[in-house]
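Everything below concerns the one structure shown next.
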Amino acid sequence: MAESSVEIIEGCRLPVLRKNQENEDEWPLAEILSVKDPPGRRLYYVHYIDFNKRLDEWVTPDRLDLKKLQFPKKEAKTPTKNGLPGSVPGSPERDVRKSLELCVPAASAPSRGKTLPAPKRKAESVCLATQVSAAVTPGPSAEESQASVYPALRDSSFSVQPLAALSTNGTTRRLIPPPPGRKRKTCGGTDEMVKVFQNNDPRCSTIYMPPGEDSQDSSDGIPSAPRMTGSLVSDRSHDDIVTRMKNIECIELGRHRLKPWYFSPYPQELTGLPILYLCEYCLKYLKSLKCLQRHLTKCNLRHPPGNEIYRKGTISFFEIDGRKNKSYSQNLCLLAKCFLDHKTLSYATDPFLFYVMTEYDSKGFHIVGYFSKEKESTEDYNVACILTLPPYQRRGYGKLLIEFSYELSKVEGKTGTPEKPLSDLGLLSYRSYWTQTILEILMNLEPEDGERPQITINEISEITSVKKEDVISTLQYLNLINYYKGQYILTLSEDIVEGHERAMQKRHLRIDSKCLHFTPKDWSKRGKW
């Protein structure tokens, strides 16, 4: 397809041949990010438009369709500041600024509890890394787009907009918001009682919610002041051509060889190697197999440093203090950054705790995945970054990590939520976990004294340690919330019940709270953690 007479430069867009999941040929539009000329051939690094960055790759000229080549448009020059070029018209930084100018109301205008639109941004993939950064509000994720239809559901008082209709056969119809201008009714707060009614079909239950009061939504989409603790959210305003490209070809970790998905700031001299070798116990990076073998004769670790706080069968969890074990924590972040794109990374690991999940065999404890959390979180985050390594994905380990994070929150006596934005894979895992956990509680409710069972949103949150906003957004996502005869109800259809039962039969890995040996610390009383 390629013609040598046409010069392809960085920024060009054109269709590129690739295989889809069904192993069929397709020609998605792609952008040329870089060009290199190794001996004997020319290669192009392409990013497929509207595809995740982990699919970016080097391609040969024969995979390019030059008939539809689009050359980059010239961008208007912007003034410089302190000798540095300003942001280009389409940069994320400028988009955020424009959005804020449009969204921030006048100081004298009273707030009416409505949310302000956040700057749009594509949802990036996967889950980790680390740095103290200014908290720029992320683009709308899947649950935020759901919440935009019913903004009042995000409020702590759990108010819902009236819905159009509910079928009487135990199944639910699509939720339809009321027409503009119609006065919004309110529904009960999270501490109000919720009655559970059984329909004619005993498999279906309906939860009635009495009316209550509305409250103002605090998530207004305006970036907050820089946080003094460790936020891991990347504002994406400083991306350049270097960090947009994968820089590590392959990583050998124990018996696995991993192909990185994203850029990770390993030392420059190691990025040109065909394989980067890591010690699977201390995660130290080495440039050759001989260096790794020599290191293993001196490395005394056969498990992650820190305290083993959980063990059941071959699964163990280790708690690692980012201040006491800086080298391991930094190496863990470098490794995880290869598979997480929407987080930033720094070497300031002091504000974080790392919980590493391992599998045990005769050779030692092998890392499966991990999650990190702030020692002190003002936003009730119980997870900052979470990652299951690719060889262990789709085997239930991700959900096990999530369940363990909430088990720690139960011991601490708190409700928690993961730091936003979630990656695409992270959102799928959390949504699945929340769904199964909440449905498990609703289906196990039993009548008391001959009356229909009752439960509140607060009680669901206290039992599961899932934050109320996540409980509400999950019920929204499942399309369970309906408005019927002046009351707000949740209806569990037979399809939802059967789907839940099938999912729980496949879920073999569970956390046993009896095997957890964990004592929470009050980090607010420790000067330097």
Run H366 and D361 through side chain to side chain contact (heavy atoms under 4.5 Å, CB included) and show every step you take. CA-CA 8 Å; H366 309 281; D361 63 16; 2.7 Å; yes
Salt bridge (charged side-chain N to carboxylate O under 4.0 Å, His left out) between K373 and E412, intermediate numbers included: CA-CA 13 Å; K373 62 185 292 187; E412 294 171 345; 3.2 Å; yes
Minimum heavy-atom separation for F339 to P390, with atom names? CE2-CG, 3.5 Å
Whether S461 side chain and I457 backbone form a donor-acceptor pair below 3.5 Å: no
N382 versus L408: any side-chain heavy-atom pair under 4.5 Å? no
Taking all non-hydrogen atoms of both residues, which atom of F51 and which atom of H47 are closest, and how far apart? O-CE1, 3.4 Å
Between P260 and L258, what is the shortest heavy-atom contact and its length? CD-O, 3.4 Å
Ring geometry between Y392 and Y397 (parallel below 30°, tilted from 30 to 60°, perpendicular above 60°): perpendicular
Pick one: which of K326, K375, K324, R323 meets salt bridge (Lys or Arg N to Asp or Glu O under 4.0 Å) with D350? K326
Taking Y360's backbone N and O only, do any of them form a donor-acceptor pair with T314's side chain (distance below 3.5 Å, no angle check)? no
Minimal non-hydrogen separation, G398 against I386, with atom names: O-CD1, 4.5 Å
Between the side chain of T437 and the main-chain N/O of W434, is any donor-acceptor distance below 3.5 Å? no
What do you reckon, are the aromatic ring centroids of F354 and Y328 less than 6.0 Å apart? no
Is it the case that the side chain of T417 and the backbone of Y381 share a donor-acceptor pair, with hydrogens and angles ignored and the cut-off at 3.5 Å? no
Kindly indicate, with the supporting measurements, whether the criterion side chain to side chain contact (heavy atoms under 4.5 Å, CB included) is fulfilled by Y406 and Y433. CA-CA 11 Å; Y406 281 108; Y433 173 79; 3.4 Å; yes
Sub-3.5 Å donor-acceptor pair from the side chain of K399 to the main-chain atoms of S432, do we have one? no
Side chain to side chain, E440 and Q436, heavy atoms closer than 4.5 Å: no
Return the CZ to CZ distance between F404 and F371, rounded to the nearest 0.5 Å. 6.0 Å
Contact check, side chains of Y430 and I402, non-hydrogen atoms, under 4.5 Å: yes
Nearest 0.5 angstrom please: T474 OG1 to Q476 CD, how far? 9.5 Å
Check for a donor-acceptor pair, side chain of N307 on one end and backbone N or O of I309 on the other, with a separation under 3.5 Å. no
L492 versus H500: any side-chain heavy-atom pair under 4.5 Å? no
Any chance NZ of K19 has more than 12 other-residue heavy atoms, nucleotides or ligands included, within less than 6.0 Å? yes
Check against side chain to side chain contact (heavy atoms under 4.5 Å, CB included), N331 and L278: CA-CA 9 Å; N331 289 336; L278 266 63; over 6 Å; no
Straight-line distance of E280 CD to E252 CD, nearest 0.5 Å: 10.0 Å
Flag yes if more than 12 heavy atoms outside R394 fall under 6.0 Å of its CZ atom; otherwise flag no. no
Walk me through whether T349 and L332 qualify under side chain to side chain contact (heavy atoms under 4.5 Å, CB included). CA-CA 10 Å; T349 60; L332 177 60; over 6 Å; no
Would you please indicate yes or no on a ring centroid separation below 6.0 angstrom for F518 and F317? no
Evaluate whether atom CD of Q21 has more than 12 neighbouring non-hydrogen atoms of other residues, nucleotides or ligands under 6.0 angstrom away. no
Spacing of S316 atom OG and F365 atom CZ [to the nearest 0.5 Å]: 4.5 Å
Restricting to non-hydrogen atoms, name the atom on I463 and the atom on K410 that form the minimum distance, rounded to 0.1 Å. O-CE, 3.5 Å
Any R395 side-chain heavy atom under 4.5 Å of H508 side chain: no
For Y48 and E26, which I'm curious about, is there any donor-acceptor pair between the side chains at under 3.5 Å? no
Any D380 side-chain heavy atom under 4.5 Å of K414 side chain: no
Carboxylate-amine/guanidinium proximity below 4.0 Å for E403 and R507: yes
Minimum heavy-atom distance I320-P305, with the two atoms named: CG1-O, 2.8 Å
To the nearest 0.5 Å, what is the distance between CD on E374 and CH2 on W523? 13.0 Å
Could you grab the distance from atom CG of L400 to atom OG of S429, nearest 0.5 Å is fine? 12.0 Å
Sub-4.5 Å side-chain heavy-atom contact between L516 and I511: no
Go through the side-chain N and O atoms of K468 and T415 and say whether any donor and acceptor fall under 3.5 Å apart. no
Angle class for the H303/F318 ring planes (parallel below 30°, perpendicular above 60°, tilted otherwise)? parallel
Keeping T388 on the side-chain end and G369 on the backbone end, is there a donor-acceptor pair under 3.5 Å? no
